[in-house]
Amino acid sequence: MAVRTSRASEVGGHEPRAVQKALALLEAVAHLGSGATAKEVAHAAEIPPATAYRLLNLLVADGFLVRIDDLSGFALGRRTRELAGAAPPADVDNSQVVDDLRTQIRFGVYLASYAGDRIQLVDRDPDHELSGESALVTHVHASAIGKLLLANRPDRHVLTDLRKFTSQTIVDLAELAIELSRIRTADIAMEKDEIKVGRSAVAVPVRDDTGRVSGCLAVIGRTGRLVDDDPDLIGLLRSSASQVRFTHVIPS
């Protein structure tokens, strides 16, 4: 692969070392998964932030990395996949990924896609009854799964008649906007007694190879038993979500 002299001159007079650092950054993004922030990548690669930010921008400009939709993180780009000889994986067994997660936690686990900007539950937990499924997919403001969709597709939904299911349901548009902003920042959605009293949920995004949110992985359980800020639970969710791939086309 020919080295672009214009790019090399931007890095400085230590091109071999810069190449090593750039490769370390690519490896860090691959290890951390889509959506890793610049700070996280720099820390994982053990590279000073200022240097990492400069190299990350060059890698994005050359197509080796891409920025995810909200510009908060990075994902591997087309040229990196080509170098690795890897097309976007189409043979991932999502059901196995979800089943493996179910063996590690005691709550209901659900995989949802955001095809056509609508929620589709593509894997329901057979051991946990999910009541009110129609409300969950129709009234997107009242659930963790729906709020994660809203946070990542804010321009695709016109919210006018927000149904109040419980006293905890967010129906004020200003309050909901703050909640969606928080979800985008934290990259996780939570729900407590909002669509049904006694039920809580946590949802993390599933991203495609461009970093776009194409669905989510969620756990749903009894309020009080499901601790929505449990770091171990969230870590398991994020790790499993990073392995999921949807084989159907997600409309843009």
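In this structure, Lys147 and Glu179 approach most closely via the heavy-atom pair NZ-OE2, 3.0 Å. The two residues Phe107 and Gly221 come nearest to each other via the heavy atoms CD2-CA, 4.0 Å. When all heavy atoms of Lys164 and Ser167 are compared, the closest pair comes out as NZ-O, 3.5 Å. Val204 and Ala241 make their closest contact through CG2-CB, 3.8 Å (heavy atoms, listed as atom of the first residue, atom of the second, distance). In plain terms, the two heavy atoms of Ile105 and Leu233 that are nearest each other are CG2-CD1, 3.9 Å. Of all non-hydrogen atoms in Leu217 and Ser240, the two that sit nearest each other are CD2-CB, 3.6 Å.
Under the 4.5 Å side-chain contact rule for hydrophobic residues, Ile183 and Ile178 do not share a cluster. Both Val171 and Leu136 sit in one connected hydrophobic cluster of ILVMFWY residues. Membership requires side-chain heavy atoms under 4.5 Å apart, directly or through other members. There is no path of hydrophobic side-chain contacts, each under 4.5 Å, that joins Leu58 to Val66. Grouping the Ile, Leu, Val, Met, Phe, Trp and Tyr side chains by contacts below 4.5 angstrom, directly or via other members, places Val41 with Leu23.
A donor-acceptor pair under 3.5 Å is formed between the side chain of Ser214 and the backbone N or O of Val206. Under the 3.5 Å distance criterion, the side-chain polar atoms of Asp62 are left unmatched by any main-chain donor or acceptor of Phe64. The backbone N or O of Val109 sits less than 3.5 Å from a side-chain atom of Asp125, completing a donor-acceptor pair. For Ser239 (side chain) and Gly235 (main-chain N/O), no donor-acceptor pair under 3.5 Å exists by modelled atom type. With Glu191 contributing its side chain and Ala144 its backbone, the two residues share a donor-acceptor pair below 3.5 Å. Using modelled atom types, one side-chain atom of Arg245 and one backbone atom of Ser242 make a donor-acceptor pair closer than 3.5 Å. Put simply, the side chain of Ser181 never gets that close to the backbone of Ala177: no donor and acceptor are under 3.5 Å apart.
Using a 4.5 Å heavy-atom cutoff, the side chains of Ile188 and Val202 are in contact. Contact check for Leu149 versus Val213: no side-chain heavy atoms found under the 4.5 Å cut-off. At least one side-chain heavy atom of Thr169 sits less than 4.5 Å from a side-chain heavy atom of His141. The shortest distance between side-chain heavy atoms of Arg199 and Leu130 falls below 4.5 Å. Side chains of Asn94 and Asp123 form no contact here, defined as non-hydrogen atoms less than 4.5 Å apart. Side-chain contact check for Arg238 versus Ile234: some heavy-atom pair is nearer than 4.5 Å.
Qualifying side chain to side chain contact (heavy atoms under 4.5 Å, CB included) partners for Val60, counting only residues two or more places apart in sequence or in other chains: Leu65, Arg67, Phe74. Applying the side chain to side chain contact (heavy atoms under 4.5 Å, CB included) criterion to Thr51, with sequence neighbours excluded, gives Lys21, Ile47, Pro48, Arg54, Leu55. A search for side chain to side chain contact (heavy atoms under 4.5 Å, CB included) contacts involving Ala135 returns His139, Phe165, Ile195, not counting sequence neighbours. For the side-chain hydrogen bond (donor to acceptor under 3.5 Å, both in side chains) test, residues two or more places apart in sequence or in another chain that qualify with Gln96 are Asp100. Here Leu173 pairs with Leu159, Leu162 under the side chain to side chain contact (heavy atoms under 4.5 Å, CB included) rule; sequence neighbours left out.
Within a 6.0 Å sphere centred on CD of Gln104, heavy atoms belonging to other residues, nucleotides or ligands number more than 12. For His43, the NE2 atom counts as loosely surrounded, since its 6.0 Å shell holds 12 or fewer non-hydrogen atoms of other residues, nucleotides or ligands.
Atom-to-atom distance recorded for Ile145:CD1 and Gln120:CD is 12.5 Å, nearest 0.5 angstrom. From Leu25, atom CG reaches atom CG of Leu56 across 5.0 Å, with rounding to the nearest 0.5 Å. Atom CD of Glu129 sits about 12.0 Å away from atom CD1 of Ile220, to the nearest 0.5 Å. Here OH of Tyr110 is found 14.0 Å from CD1 of Ile119. Values are rounded to the nearest 0.5 Å. Separating the CG atom in Leu148 from the CG atom in Leu180 is a distance of 10.0 Å, to the nearest 0.5 Å. Going from atom OG of Ser143 over to atom NZ of Lys196 covers 14.0 Å, rounded to the nearest 0.5 Å.
Sorted by first then second residue, the side chain to side chain donor-acceptor pair (under 3.5 Å) pairs that include residues 218-229, not counting sequence neighbours, are Asp193-Thr223, Ser200-Thr223.
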